[in-house]
Protein chains: 4
Amino acid sequence: MKKGNGQLRLEKQTVIFEAALKVFRQKGFHKARIADIAAQAGISYGLVYHYYRNKEGLFNAILNLWWEDLYRLMEETQRGKEDLYQRLRKIILYFLDTYQNNPDLIHIFINEISRSSSNLKPRLEYFKKFMVITEGIMADGQEAGCLRQDIEAHYLTYIFLGAMETFISVMVYGNQKIKNDQQKERITTSLLEVFLHGAQKSGQEGAKL
Amino acid sequence: MKKGNGQLRLEKQTVIFEAALKVFRQKGFHKARIADIAAQAGISYGLVYHYYRNKEGLFNAILNLWWEDLYRLMEETQRGKEDLYQRLRKIILYFLDTYQNNPDLIHIFINEISRSSSNLKPRLEYFKKFMVITEGIMADGQEAGCLRQDIEAHYLTYIFLGAMETFISVMVYGNQKIKNDQQKERITTSLLEVFLHGAQKSGQEGAKL
Amino acid sequence: MKKGNGQLRLEKQTVIFEAALKVFRQKGFHKARIADIAAQAGISYGLVYHYYRNKEGLFNAILNLWWEDLYRLMEETQRGKEDLYQRLRKIILYFLDTYQNNPDLIHIFINEISRSSSNLKPRLEYFKKFMVITEGIMADGQEAGCLRQDIEAHYLTYIFLGAMETFISVMVYGNQKIKNDQQKERITTSLLEVFLHGAQKSGQEGAKL
Amino acid sequence: MKKGNGQLRLEKQTVIFEAALKVFRQKGFHKARIADIAAQAGISYGLVYHYYRNKEGLFNAILNLWWEDLYRLMEETQRGKEDLYQRLRKIILYFLDTYQNNPDLIHIFINEISRSSSNLKPRLEYFKKFMVITEGIMADGQEAGCLRQDIEAHYLTYIFLGAMETFISVMVYGNQKIKNDQQKERITTSLLEVFLHGAQKSGQEGAKL
DNA sequence: TATGAATGAGGGTTCATTCAT
DNA sequence: CATGAATGAACCCTCATTCAT
């Protein structure tokens, strides 16, 4: 039985997509060549243009996957009735899970989205939206009396996201693997612990550092 | 009185350097053209090659300035007798001061860390060294009993640096100006407060979030 | 009937090759521009890079053709049972035939031997090998008692090849055509006569010159 | 006592000239940079243009030295009453002496004059003149009954000069030094022997090779 | 669908030459 | 005389994109 054309199209498109994921990660957007991606996908480079408008379009497809998944998570998080701790935990775990399951994707996020000035304008909006949602979570926490109110919600956001991003970055740059769930747990706990309770040794409250 | 040639040479080199700073910031390494930099400097593009070996060399000169200054600060910090709070405060203020005085430089630092012609290794090495020094400060803090020891020193480092970097990034991306010293103070305090004492509302210790 | 793609590819490659042959001959390696070659071939310059890695690669392809053909001849010559006279005659005729059929090629051989991007080593190696083979022929002649033994075989080689090469060079520089087989015969005979029997008027042996 | 300016000018010019000799030999005309020559001469590159019109002019000065010296020798040779053997011997020794005393010069002759297609037009004339003079010597020899007349005088010229040039070329390419006068003598004798008496083993006259 | 030949804009780099000092 | 800063023509090469087959 012959597969439907749509099915075939989808498959080939996926092959190209994943090849692009790999090549963009290895070389970065500018140095990645369509020919590299085609070779990785095992097709001719002309074919790429049947499935994607151009290099930019292919790259955007990857970005969309990233942001859509992230937004979906964020919306779920917002809709849910969970407390602040669980919500922040979910965000961290989302990044760590993606790091495990799709390291190319998060590599690209770190290198090409989070840290890249080229063609930044449109991408910045995505980033801002993500920050705004996170800020909402922080504000909720402040309203609920869980978070201190003497620090602006967006400051709390920067601190939280920045700390997390650096964890991921270090792993990405160091090509570290996440060995097991324990490690994921330790990272998550460390992040939340310090963010929520601080790095200061307990009992030192108010003492001179 | 005639200026020495060395003086003149230095001046022109500086003009090119600053033009490069601006153009690299605006366009990123890949999209920045030597011709752009020359135009910005008000010279012909050929002259750039009298002062710098090539585009890469010019870019590296910029990065070196950044890292050398940063290392100088870190060494001062290490040599000093100050307590943990003052040390971390100095690091943050260094970034904020640089942001005020040389926003292009810090922009490039934020955006172009992973950019390099072929091997980003050398630049990562710079970064790692910076992290190692910071980790030393954290370890000192743990030994001195100022910082909790149930979280690894390098985790503390990631959280601290990541949080700070994101503050800067947000300002960079948003083209925000630091209006006055008060704002610098507020940012510094917020960062240190959360890092050291946590974001959790005091009195909530142990309470359900 | 549709031609195979390989066939087409080969054809176009040949067109470029022959254009290069012509341009390299006219301008020499350094002054020959890829754009010239492309124009000569009636294609865009970018296409040259589909068939050859770069200018150097294209040039090497030409040299390889020359050397491979020459080596093929030399090996045939060595395998054959012919006497010295026939062997030397074959070598001369090979050069003269090539001059007739592919004057560009021999022009390049004559002019560009020492030309190379950085290291002329590889090309000299080719030349040396050619000389070594010829020297073998001379040594055979000495062993067989056909050639005088009071002069080293490689000296005989220099004299023979040098004389021949200059014949060709003069024709190349003077843009002389070989008009007919008689001329070829005369050149060959003159060379062999002088090389083998000397330029001295017979009967003058030992007389004062 | 202060030297006259003309004296100084001459000295500096000579320094540049000799630097050029060295650099042109090492890199060839195209790859030799004025900056290289100036550095070799220990002066600034702008100064080169005070003494020579441009790169081409500097190169021509070298060529002129070569050709003028060679012509001087040839004229002396022609004016003298020496026999053919002595004349040819003088030519060979001139090349070998120059190889000993000014290897850069003869290197350039071999690489840039004898074998070079670029800017060849004007240089070719020099070469032709040299050949014409040599041909005159050969014709004299034929008239005097010293050389066989069944071979055209210019053929004899090609054979003689070609053989000699290849000797020099091999030494140049192989970076061989002339160790002593004996070697010079052996080369000269071998060349003249083969050219005049032939390579064939004596007593084999007419025998099948 | 699929291929890869073909195009040409674009940019880095070199270096001879000029000229103000 | 001497310097070397300054200029810009020249040219190699890359690679995204198009399109005939």
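Proteins come first, then strands; the chains are lettered A, B, ... in the order of their sequence lines, and each starts at number 1.
Both B:K12 and D:L47 sit near DNA chain F, but only D:L47 has its closest nucleotide nearer the 5' end. Annotation: of the two residues near DNA chain F, A:N54 and D:G46, the 5′-most nearest-nucleotide partner is D:G46. Comparing C:H50 and B:A32 by the nucleotide of DNA chain E whose heavy atom lies nearest to each, the residue mapping closer to the 5' end is C:H50.
Residues that satisfy the side chain to side chain contact (heavy atoms under 4.5 Å, CB included) test with C:A32, not counting sequence neighbours, are C:V23, C:F24, C:K27.
With ring centers used as reference points, C:W67 lies under 6.0 Å from C:F109.
Separating the CZ atom of D:R53 from the C1' atom of E:dT18 is a distance of 12 Å, rounded to the nearest angstrom. Between the NE2 atom of B:H30 and the P atom of E:dG10 there is a distance of 18 Å, given to the nearest Å. Taking atom CD1 of residue D:I34 and atom C1' of nucleotide E:dT18, one finds them 13 Å apart after rounding to whole Å. Counting to the nearest Å, the C1' atom of F:dC11 and the CZ atom of C:F29 are 12 Å from each other. Put simply, CD on C:E56 is 14 Å from C1' on F:dC13, counting in whole angstrom units. In this structure, C:K55 places its NZ atom 8 Å from C1' of F:dC11, rounding to the nearest Å. Atom pair A:F59:CZ and F:dC15:C1' shows a separation of 18 Å (rounding to whole Å applied). Rounded to an integer number of Å, the gap from B:Y52 OH to E:dT13 P is 15 Å.
B:Y49 has no side-chain polar atom (N or O) that falls below the 4.0 Å cut-off from OP1 or OP2 of E:dT14. Between E:dT14 and D:K31, no contact under 4.0 Å exists linking OP1 or OP2 to a side-chain N or O. When the side-chain nitrogen and oxygen atoms of A:Y45 are compared with OP1 and OP2 of E:dA2, none of them lie within a distance under 4.0 Å. Look at B:R33 and you won't find any side-chain N or O under 4.0 angstrom from OP1 or OP2 of E:dG10.
In terms of modelled atom types and a separation under 3.5 Å, the side chain of C:N111 and the main chain of C:H107 share a donor-acceptor contact. Within the 3.5 Å criterion, the main-chain N or O of B:G57 finds no donor-acceptor partner in the side chain of B:N60.
When heavy atoms are screened at a 4.0 angstrom cut-off, B:Y51 is found touching the sugar-phosphate backbone but no base atom.
For residues 35-44 of chain B, proximity to DNA chain E is found at no residue, defined as any non-hydrogen atom under 4.0 angstrom from a strand atom.
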- Item | Stepwise side chain to side chain donor-acceptor pair (under 3.5 Å) check, C:N64 with C:Y126 | CA-CA 9 Å; C:N64 286 342; C:Y126 278 123; 2.9 Å; yes
- Which is it for B:L63 and B:L65 under the side-chain contact (heavy atoms from CB on, under 4.5 Å) test, yes or no, and what are the steps along the way? CA-CA 5 Å; B:L63 290 196; B:L65 173 69; over 6 Å; no
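Taking the ring centre of A:F29 as origin, the terminal cationic atom of A:K55 falls inside the region bounded by 6.0 Å and 45° from the ring axis.
A distance of 4.0 Å separates OH in D:Y52 from CD in D:Q13, rounded to the nearest 0.5 Å. Going from atom CD1 of B:I37 over to atom CG of B:L58 covers 5.0 Å, rounded to the nearest 0.5 Å. To the nearest 0.5 Å, atom CD of residue C:E112 and atom CD1 of residue C:I62 are 9.5 Å apart.
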- Item | Intra- and inter-strand pairs of DNA chain E in dot-bracket (Watson-Crick or G-U wobble, both distances under 3.5 Å; | for another strand) | .||||||||||||||||||||
